[in-house]
Amino acid sequence: MHFRHLTRFIVFTLLAPLVTPSLTRGASAEPAKAEPPKPQAKPRFQLSRVSVMPPEIAVEVQKLKRIRELADKKLVSPDEVALQASIVENLERRITDLITLRSEGGTLGELVNVTSGNDSPSLTLINAGEPSDLEAKLPPFTLQRVHWGTIIDVLSKLLASQGLELSFSGGDSANPAEAKSVICVLRRIAAQADNGSPQSTFAAIRLSEYIFRDQTVDTITETILDAWKMDPKRDVSALQLRFNPTTKILLVSGPNPAAAIAREVVESLPKKPF
């Protein structure tokens, strides 16, 4: 009797792993319902760019190609190749990017995130203040086919009302009007210095591209002074200009907005002809 019960126990034990999955198969066979993907939020800022090339660059590039072919056959000298190559190089420097910026209203940080992509016009922002400064609000606006100099100028005016100063510090060109990528610094503006006078500003502006026979350093500094004098409330002696002939850099110091005015004047000047 005991042997019969033991045999039944052994058979049940051996069959149990085979029976149990079949009992639970119906519950596990039903696939879990996948949650619908959440719609991605539309970016509040959109940037696009288009490159504008000098109309004669295509002709000069083809001419350089022909000259190099002739040089391979020893029909022209290396100097002729080098001369044509320099012409093409100078024209390539004149290729500019025009940017279209559309804002639906958002924060400065959101704008910076949009400009950090590989396919976007590049704006690197160094925040010298608090992380919360990147939460500064920007209103809806549209800028069509402009250069970085215009965008930085507009942003700086919008941020100034919130106690922030945005200044151009460099990029792949010393002139933001020609730069494809720019670096700016964001910092808090003190309303007044301890002595009650307006906060001073400083800028170092490279003039090597702007100095030639008909446009001297004196001409440039006089134009900056004339722009400073446009507001009769400004103290003329408060604006300090000093040019370093070795580095070709103009040092500008004075109360707000001395640096911005000097930079805007220089960027408006004609460049040295090639």
Would you check if [X] and [Y] make a side-chain contact, meaning some heavy-atom pair closer than 4.5 Å?
X	Y	result
Ile224	Val266	yes
Val252	Leu239	yes
Thr107	Lys137	yes
Leu166	Leu108	no

Table please: side-chain donor-acceptor pairs of residues 203-211 below 3.5 Å, with sequence neighbours left out.
residue : atom : partner : partner atom : Å
Arg206  : NH1  : Thr247  : O            : 3.4
Tyr210  : OH   : Asn175  : ND2          : 3.0

Suppose we screen for side-chain hydrogen bond (donor to acceptor under 3.5 Å, both in side chains). Which residues come up paired with [X], at least two apart in sequence or across chains?
X	value
Glu222	none
Ser181	none
Glu135	none
Asn127	none

Q) Do Leu250 and Arg242 pass the side-chain contact (heavy atoms from CB on, under 4.5 Å) test, and can you show the C-alpha distance, the side-chain angles, and the key distance before you say yes or no? A) CA-CA 6 Å; Leu250 178 66; Arg242 180 174 297 178; 5.9 Å; no
Residues at least two apart in sequence or cross-chain that pass salt bridge (Lys or Arg N to Asp or Glu O under 4.0 Å) with Glu80, listed by chain then number, are none
Just verifying a value: how many Å separate [X] [atom1] and [Y] [atom2], rounded to the nearest 0.5 Å?
X	Y	atom1	atom2	value
Leu164	Leu134	CG	CG	9.0 Å
Leu225	Ile220	CG	CD1	12.5 Å
Ser167	Ile126	OG	CD1	9.5 Å

Between [X] and [Y] (side chain of the first, backbone of the second, donor and acceptor by atom type, cut-off under 3.5 Å), is there such a pair?
X	Y	answer
Asp133	Glu130	yes
Asp153	Gly149	no
Thr219	Gln215	no

Joining Ile, Leu, Val, Met, Phe, Trp and Tyr whenever any side-chain heavy atoms lie under 4.5 Å apart, the cluster holding Val236 also takes in none
Report the hydrophobic cluster partners of Phe212, with the cluster defined as I, L, V, M, F, W, Y residues connected by side-chain heavy atoms closer than 4.5 angstrom, directly or transitively.
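Under the 4.5 Å side-chain rule, Phe212 groups with nothing.
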Note to self: Listing request: all salt bridge (charged side-chain N to carboxylate O under 4.0 Å, His left out) pairs with a residue in residues 230-239, at least two apart in sequence or in separate chains.
What the structure shows: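 Listed by first then second residue: nothing to list.
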Residue pairs meeting salt bridge (charged side-chain N to carboxylate O under 4.0 Å, His left out), one or both in residues 249-267, sequence neighbours left out, come to none
Before you tell me yes or no, could you show the steps for Leu111 and Ser103 under side-chain contact (heavy atoms from CB on, under 4.5 Å), namely the whole-Å CA-CA distance, both residues' side-chain angles and the distance that decides it to 0.1 Å? CA-CA 9 Å; Leu111 172 59; Ser103 166; over 6 Å; no
Identify the two heavy atoms, one from [X] and one from [Y], that lie closest to each other, and give their separation to 0.1 Å.
X	Y	answer
Trp148	Ser122	CZ2-O, 3.6 Å
Pro176	Phe168	CD-CE2, 3.7 Å
Pro255	Thr201	O-OG1, 4.0 Å

Under 3.5 Å, sequence neighbours excluded: what are the donor-acceptor pairs made by side chains of residues 138-146?
none

Could you list the donor-acceptor pairs under 3.5 angstrom formed by side chains in residues 54-75, with sequence neighbours left out?
residue : atom : partner : partner atom : Å
Glu56   : OE2  : Arg94   : NH1          : 3.4
Glu60   : OE1  : Gln84   : NE2          : 2.7

Check against side-chain contact (heavy atoms from CB on, under 4.5 Å), Leu47 and Leu123 | CA-CA 11 Å; Leu47 284 93; Leu123 166 62; over 6 Å; no
